[in-house]
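Take a look at the structure set out below.
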Amino acid sequence: MSEVLDLAASLVRIPSVNPPGAERAASDLVAGRLSDAGLAVTRVPVAGDRETLIAVLPGAGGVPARIFTGHLDVVGISDAERARWSSDPFSGDVRDGRLHGRGSTDMKGGLAAMVVAASELAREHRTPPGDVLLVLTADEEDLMAGSKAVAGHPLLARDADVVVGEPTGLRVCAAGRGRTWARLVLRGATGHGSAGTGRNVIQVAAELIAALDSEDFAATAEADSPASFWRPLAIGAGVEPCVVPDACTLTLDARLAPAHDPDDVWARLAALLGRLRARHPALAVDVEVVDRREGWRTPAASPLVRQAMDAVAAEGIDPTPGVFAGTTDGTVLRRAGAGHGVRDVVIVGPGDLALAHRENESVAVAELDAARRLYRRLMLRGR
């Protein structure tokens with residue numbers, strides 16, 4: 001078993017599920033591997049017993065640093081999903097040329113490849129052109145508290161570009177879609193369930209959902225990215241079976257084309273709510289915007305993009321850059337770099353995003369080894 005496969009399988013066997021955020025055993029394992037290889041590791045507290053790791057492999061200097069980032073947490077598994085797995089979700093089994101288990105593709109495989117690549121260079125006493133920093137985060141699957149906790153850390157207050165190891169099938173993504181979401185509470189009045197007149201807030205919420213479905217985002221589409229969209233991902237209401245509820249909560253999630261400003265989403269929602277209130281004057285709506293993650297695009301002329309294209313081409317993979325559908329810690333680290341110079345970003349890593357967050361997640365062993373080689377090339381800037 002290769003070193004990268006061994007580490008990836010060991011990480012999959014640690015159920016670092018978020019929420020609640022049980023990454024500590026995973027961060028201890030990774031910190032030990034990095035320290036044993038000779039890298040300086042800084043543990044940055046996040047919340048409770050959680051932490052983000054920053055490991056440094058010193059470079060020759062004179063060029064910006066290069067940040068490699070991956071997350072230690074995985075999403076949870078419902079009882080219904082667990083029943084659809086063909087094996088234990090945290091087995092870390094290797095069969096048919098694939099590593100199986102929650103987090104194998106999102107993204108403990110990519111994280112392991114980064115850690116092993118940097119550890120190899122340290123053991124070989126190879127000095128990269130610029131400092132290599134591994135930023136290995138907690139809480140990426142929720143509010144990205146792990147990357148936000150290190151955004152102003154002195155080790156990151158420098159010129160740097162960012163390589164994110166999320167699953168892309170080792171294709172280079174030089175752009176990322178944005179995301180913003182909010183919690184909405186629609187407030188009305190309680191009443192007796194026997195009264196058939198009037199409309200309760202559940203029915204008003206249904207009107208709002210219909211209006212959300214009718215919103216036209218077509219103009220936000222870009223040449224290489226579909227249009228933005230939004231949809232409710234959670235809903236809740238009810239007090240007792242015989243009581244008309246006075247509150248209904250919605251979680252509204254918006255996924256944005258790279259150039260679409262998140263503020264436009266909430267301006268559109270405000271307009272929809274204004275029309276809804278005109279039909280229901282007694283309605284009150286509380287809107288709490290939980291997070292804004294703007295999309296981004298790294299120019300094709302960026303040295304990082306060119307080097308990433310060369311690195312994947314060396315693995316026999318089409319180097320044409322694409323757009324990553326999800327949002328990542330790269331967004332936070334890119335934003336945090338304002339005022340510190342370069343913050344170009346690419347996303348490239350082993351695994352298929354379509355296999356993430358679902359039953360029977362797995363990643364090809366061959367992709368793990370290819371990712372290790374690819375990250376080595378990017379750490380050495382092609383040298």
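Residue Glu315 forms a salt bridge (charged side-chain N to carboxylate O under 4.0 Å, His left out) with just one option from Arg377, Arg171, Arg376, and that option is Arg377.
Partners of Cys173 according to the side chain to side chain contact (heavy atoms under 4.5 Å, CB included) rule, which considers only residues two or more places apart in sequence or in another chain, are Thr168, Phe324, Ile347. With sequence neighbours excluded, no residue forms a side chain to side chain donor-acceptor pair (under 3.5 Å) with Thr42. For Ser78, the side chain to side chain contact (heavy atoms under 4.5 Å, CB included) partners two or more places apart in sequence, or in a different chain, are Ala80, Glu81. Taking the side chain to side chain donor-acceptor pair (under 3.5 Å) definition, one finds that Asn18 meets it with Arg50, Asp73, Asp139, sequence neighbours left out. Residues forming a salt bridge (Lys or Arg N to Asp or Glu O under 4.0 Å) with Arg292 (at least two apart in sequence, or on another chain): Asp263. Under the side chain to side chain contact (heavy atoms under 4.5 Å, CB included) criterion, Ala8 pairs with Leu99, Ala112, Leu368, not counting sequence neighbours. Every residue was checked against the side chain to side chain donor-acceptor pair (under 3.5 Å) condition with Glu288, not counting sequence neighbours, and none meets it. For Arg13, the side chain to side chain contact (heavy atoms under 4.5 Å, CB included) partners two or more places apart in sequence, or in a different chain, are Ala9, Ser10. In terms of the salt bridge (Lys or Arg N to Asp or Glu O under 4.0 Å) criterion, Arg82 has no residue partners (sequence neighbours excluded).
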Ignoring hydrogens and angles, write down the donor-acceptor pairs under 3.5 Å from the side chains of residues 26-36, residues two or more places apart or on other chains.
unit_1	atom_1	unit_2	atom_2	d
Ser27	OG	Arg24	O	2.9
Ser27	OG	Glu51	OE2	2.8
Asp28	OD1	Arg24	NE	3.3
Asp28	OD1	Arg43	NH1	2.8
Arg33	NH2	Asp6	OD2	3.0
Ser35	OG	Ala31	O	3.0

Donor-acceptor list for residues 181-191 side chains, cut-off 3.5 Å, not counting sequence neighbours:
unit_1	atom_1	unit_2	atom_2	d
Arg187	NE	Asp286	OD2	2.7
Arg187	NH2	Asp286	OD2	3.1

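Inspection of the His71 and Glu166 side chains reveals an N or O donor paired with an N or O acceptor under 3.5 Å. In this structure, a donor-acceptor pair under 3.5 Å is present between the side chains of Glu207 and His280.
Within the structure, no pair that satisfies the ring-ring contact (aromatic ring centres under 6.0 Å, His included) test touches residues 111-159, not counting sequence neighbours.
Look at Glu3 and Arg123 and you find a salt bridge, because one of the NZ, NE, NH1 or NH2 atoms lies within 4.0 Å of a carboxylate O, short of that distance.
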